[in-house]
Amino acid sequence: MSTYAQDFMAELKAKNPGEPEFHQAVQEVVDSLVPVFEKSPHYRKNKILERICIPERTIMFRVPWLDDKGEIQINRGYRIEMNSAIGPYKGGLRFHPTVYLGILKFLAFEQVFKNSLTTLPMGGGKGGSDFDPHGKSDMEVMKFCQSFMTELCRHIGQFTDVPAGDIGVGGREIGYMFGQYKRVRNEFVGVLTGKGIKWGGSLIRPEATGYGCVYFAQEMLATRGETLKGKTCIVSGSGNVAQYTVEKINQLGGKVVTLSDSDGHIYDEAGIDAEKLAFVMDLKNSRRGRISEYATKFKSAQYIPYDASKGFNSIWDHKAQCAFPSATQNEINLKDANNLLKNGVYVVAEGSNMPTVPEGVTLFVEKKILYSPGKASNAGGVATSGLEMSQNSLRMSWSRDEVDKHLQTIMKNIHKSCVDAAATYGKPGDYVAGANIAGFLKVADAMLDQGLV
Ligand code: NDP
């Protein structure tokens with residue numbers, strides 16, 4: 001690492017204490033950008049890095065609500081408006097007990113580069129709350145969402161900041177929040193994406209992150225003249241991203257043998273086919289149950305509870321060729337990364353954001369496997385949110401086929417941008433460097449054009 005990068009990181013850590021996920025996300029980008037700063041010193045002179053790591057605005061607020069017993073509950077709400085150089089802030093809302101400023105800053109930071117890669121005019125933002133939807137009644141979720149939006153609605157808008165879903169925020173939560181926005185602001189506009197199909201949502205938006213990630217894996221495999229057909233795949237998580245990753249892998253002739261939640265994973269050697277996936281969708285999206293129920297229902301599967309004391313997650317210790325982490329950040333530690341390689345995995349397409357620890361990323365890059373960072377391979381979700389915004393502005397809705405074609409083209413273009421940028425800066429085949437450099441250049445140039453703001 002150059003002295004500039006080292007000094008920069010030391011100052012960032014001192015100014016943002018206690019936010020390890022944010023430090024980790026910035027470190028990865030800074031490492032990738034060293035050749036850019038060497039080649040183009042004007043970025044350094046104009047302090048682009050110093051500016052891009054400070055949110056344009058950070059909003060924090062109290063979210064009081066009444067539970068079903070009539071007791072007062074209080075959560076913390078956040079929105080990080082990170083960068084608007086190339087468009088209105090855009091990025092999801094996460095409801096999970098682990099949410100705090102550091103997680104949202106890492107996600108908002110990643111979002112800036114990801115949105116830039118999509119080629120659509122979207123800046124970066126992220127928000128959410130430490131509210132945990134697990135075990136809450138629909139009424140409690142609605143009351144929370146209404147209280148959350150009552151405050152958030154004064155900061156967002158169709159031309160300023162357009163949130164979407166993320167962990168713990170799906171169609172139900174977007175519906176409750178959209179309803180409250182409309183009620184308070186008295187306007188029916190595309191202020192959120194991931195909306196219901198009957199009230200402004202886009203076809204393919206629910207599928208987009210998972211489908212896009214699989215399209216990206218397909219592009220990576222194509223560089224070696226291969227396809228997903230006949231490949232065994234490990235998928236983690238069992239939420240939105242995981243479900244549609246499984247669906248698309250199945251359509252392309254691959255076989256998925258795992259799914260998980262925070263309690264453990266299921267291994268089904270026979271493969272999670274369309275019928276089994278329909279069971280998972282009902283289990284997770286309607287009944288809101290645990291993945292262990294899969295093994296009770298399907299005898300071909302076994303359930304393996306997560307055991308933190310082992311120091312690794314056994315979901316990554318199965319024979320396969322491809323892995324699609326689709327749960328959460330840092331879900332693949334160094335031991336897990338080694339297990340994946342040992343078991344024959346040579347394609348890792350990240351659906352979740354920053355699922356691999358830095359040592360694991362270095363290992364994958366060194367071993368020259370087909371490894372794509374989340375900000376490239378999971379960008380199909382936000383790209384399709386961008387398409388939802390376009391349809392809302394046009395007051396039109398496109399067919400499923402049209403949106404899917406756009407999504408495929410966007411994923412192809414993101415893949416090409418990564419490959420080209422990596423090659424230009426002397427790191428051929430390194431998708432991490434490629435994504436960070438290509439994502440950075442567009443935003444940095446826009447910031448230069450717009451003066452010191
Ligand atoms: P969901 O809430 O639909 O599903 C999340 C899944 O991950 C659940 O199975 C959940 O299990 C599991 N999970 C969450 N937190 C943890 C944890 N700390 N440890 C273990 N398992 C965990 O979220 P999404 O599918 O939408 O998001 C998954 C990932 O994809 C996230 O990293 C998100 O940022 C990223 N992403 C999502 C996009 C989208 O469009 N939705 C777009 C781009 C990225 P449990 O129920 O037990 O918590």
Side-chain angles (χ1 to χ4, degrees), residues 21 25 90-99 103-104 106-108 110-111 113-115 117-118 124 126-128 130-136 141 163-174 192-194 201-202 204-213 216 235-246 258-266 280-281 283-285 287-294 305-306 308 313 315-316 324-333 336 349-356 372-386 388 407:
E21 298 86 0
K90 181 89 197 88
L93 296 170
R94 177 176 290 192
F95 293 169
H96 194 271
T98 55
V99 163
I103 294 253
L104 295 178
F106 119 62
L107 289 164
E110 294 259 308
Q111 197 81 45
F113 302 90
K114 180 190 311 193
N115 293 3
L117 286 170
T118 64
K126 200 85 189 188
D130 58 359
F131 173 75
D132 185 1
H134 289 109
K136 304 287 190 304
V141 171
D166 190 75
I167 291 177
V169 178
R172 174 181 62 169
E173 291 75 16
I174 293 288
L192 295 169
T193 57
S202 173
I204 300 283
R205 177 59 189 94
E207 293 89 338
T209 308
Y211 278 19
C213 189
F216 198 95
V235 177
S236 66
S238 48
N240 172 269
V241 179
Q243 292 169 14
Y244 290 103
T245 296
V246 176
T258 63
L259 278 173
S260 69
D261 57 27
S262 49
D263 295 328
H265 78 275
I266 58 100
V280 173
M281 287 185 172
L283 173 71
K284 286 293 173 182
N285 308 344
R287 293 193 283 124
R288 300 185 191 272
R290 307 308 293 162
I291 200 67
S292 54
E293 285 183 44
Y294 180 104
Y306 175 61
N313 189 338
I315 189 172
W316 308 118
F324 293 84
S326 308
T328 193
Q329 64 276 350
N330 292 330
E331 55 176 308
I332 298 178
N333 66 21
D336 296 320
E350 294 183 344
S352 36
N353 285 305
M354 207 169 74
T356 311
S372 62
K375 62 169 78 72
S377 42
N378 73 27
V382 72
T384 308
S385 277
E388 182 171 329
L407 173 62

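Atoms within each ligand, like the ligands themselves, are counted from 1 in listed order.
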Just go through [options] and tell me whose heavy atom is the nearest to [atom].
atom: atom 16 (C) of ligand 1; options: T193, T328, N285; answer: T328
atom: atom 5 (C) of ligand 1; options: T98, I167, D132; answer: I167
atom: atom 47 (O) of ligand 1; options: S262, G128, P133; answer: S262

Reported [atom1]-to-[atom2] distance for the pair [X] and [Y], which is rounded to 0.5 angstrom:
X: I103; Y: T98; atom1: CD1; atom2: OG1; result: 5.0 Å
X: R94; Y: L104; atom1: CZ; atom2: CG; result: 7.5 Å
X: E331; Y: E350; atom1: CD; atom2: CD; result: 8.5 Å
X: L259; Y: S238; atom1: CG; atom2: OG; result: 6.0 Å
X: L93; Y: I167; atom1: CG; atom2: CD1; result: 12.5 Å
X: D263; Y: D261; atom1: CG; atom2: CG; result: 5.0 Å

Considering both backbone and side-chain atoms of [X], is one of its nitrogen or oxygen atoms within less than 3.5 Å of a nitrogen or oxygen in ligand 1?
X: N353; answer: yes
X: N378; answer: no
X: G168; answer: yes
X: D166; answer: yes
X: R205; answer: yes
X: R290; answer: yes
X: G237; answer: no
X: D261; answer: no

Considering non-hydrogen atoms of the protein only, which is the closest contact for [atom], and what is the distance?
atom: atom 3 (O) of ligand 1; answer: N240 N, 2.9 Å
atom: atom 4 (O) of ligand 1; answer: G239 CA, 3.3 Å
atom: atom 38 (C) of ligand 1; answer: T209 OG1, 3.6 Å
atom: atom 46 (O) of ligand 1; answer: H134 NE2, 2.9 Å
atom: atom 37 (C) of ligand 1; answer: V241 CG2, 3.5 Å
atom: atom 13 (N) of ligand 1; answer: A327 CB, 4.2 Å
atom: atom 15 (N) of ligand 1; answer: H96 NE2, 3.5 Å

Heavy atoms only, cut-off 4.0 Å: how does [X] contact ligand 1, side chain, backbone, both, or neither?
X: A208; answer: neither
X: A379; answer: neither
X: Q329; answer: neither

[X]: numbered ligand 1 atoms lying under 4.0 Å from its heavy atoms:
X: S260; result: 9 (O)
X: R94; result: 31 (C), 32 (O), 33 (C), 34 (O)
X: G351; result: 30 (O), 35 (C), 36 (N), 44 (C)

Verify side-chain contact (heavy atoms from CB on, under 4.5 Å) between M281 and Y244, making sure each step is shown before the conclusion. CA-CA 10 Å; M281 287 185 172; Y244 290 103; 3.7 Å; yes

Run the contact test for [X] against ligand 1 with a 4.0 Å cut-off on heavy atoms, strictly below, and give the result.
X: G170; answer: no
X: E331; answer: no
X: G92; answer: no
X: M354; answer: no
X: Q243; answer: no

Between V99 and G128, what is the shortest heavy-atom contact and its length? CG1-C, 4.4 Å

What are the two closest heavy atoms between S385 and R205, and how far apart are they? OG-NE, 2.9 Å

Given 3.5 Å as the limit, does a donor-acceptor pair link the side chain of T193 with the main chain of E388, or not?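 No.
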
Test of understanding: with side-chain hydrogen bond (donor to acceptor under 3.5 Å, both in side chains), list the residues that count as partners of K114, not counting sequence neighbours. N353, N378

Side-chain donor-acceptor contact under 3.5 Å, N285 with Q243: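 There is such a pair (donor and acceptor under 3.5 Å, judged by atom type) between the side chains of N285 and Q243.
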
Short side-chain donor-acceptor distance under 3.5 Å, S352 and Q329: no

For E173, what residues pass the salt bridge (Lys or Arg N to Asp or Glu O under 4.0 Å) criterion, not counting sequence neighbours? none

State whether any protein heavy atom lies less than 4.0 Å from atom 10 (C) of ligand 1.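 Answer no: nothing from the protein, no heavy atom, is under 4.0 Å.
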
Carboxylate-amine/guanidinium proximity below 4.0 Å for E110 and K126: no

With P325, which of C213, S236, S260 fulfils side-chain contact (heavy atoms from CB on, under 4.5 Å)?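 Of C213, S236, S260, side-chain contact (heavy atoms from CB on, under 4.5 Å) with P325 is met by S236 alone.
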
Here's one to test your reading of the geometry: is the NZ or CZ of K136 within 45 degrees of the ring axis of F131 and under 6.0 Å from its centre? yes

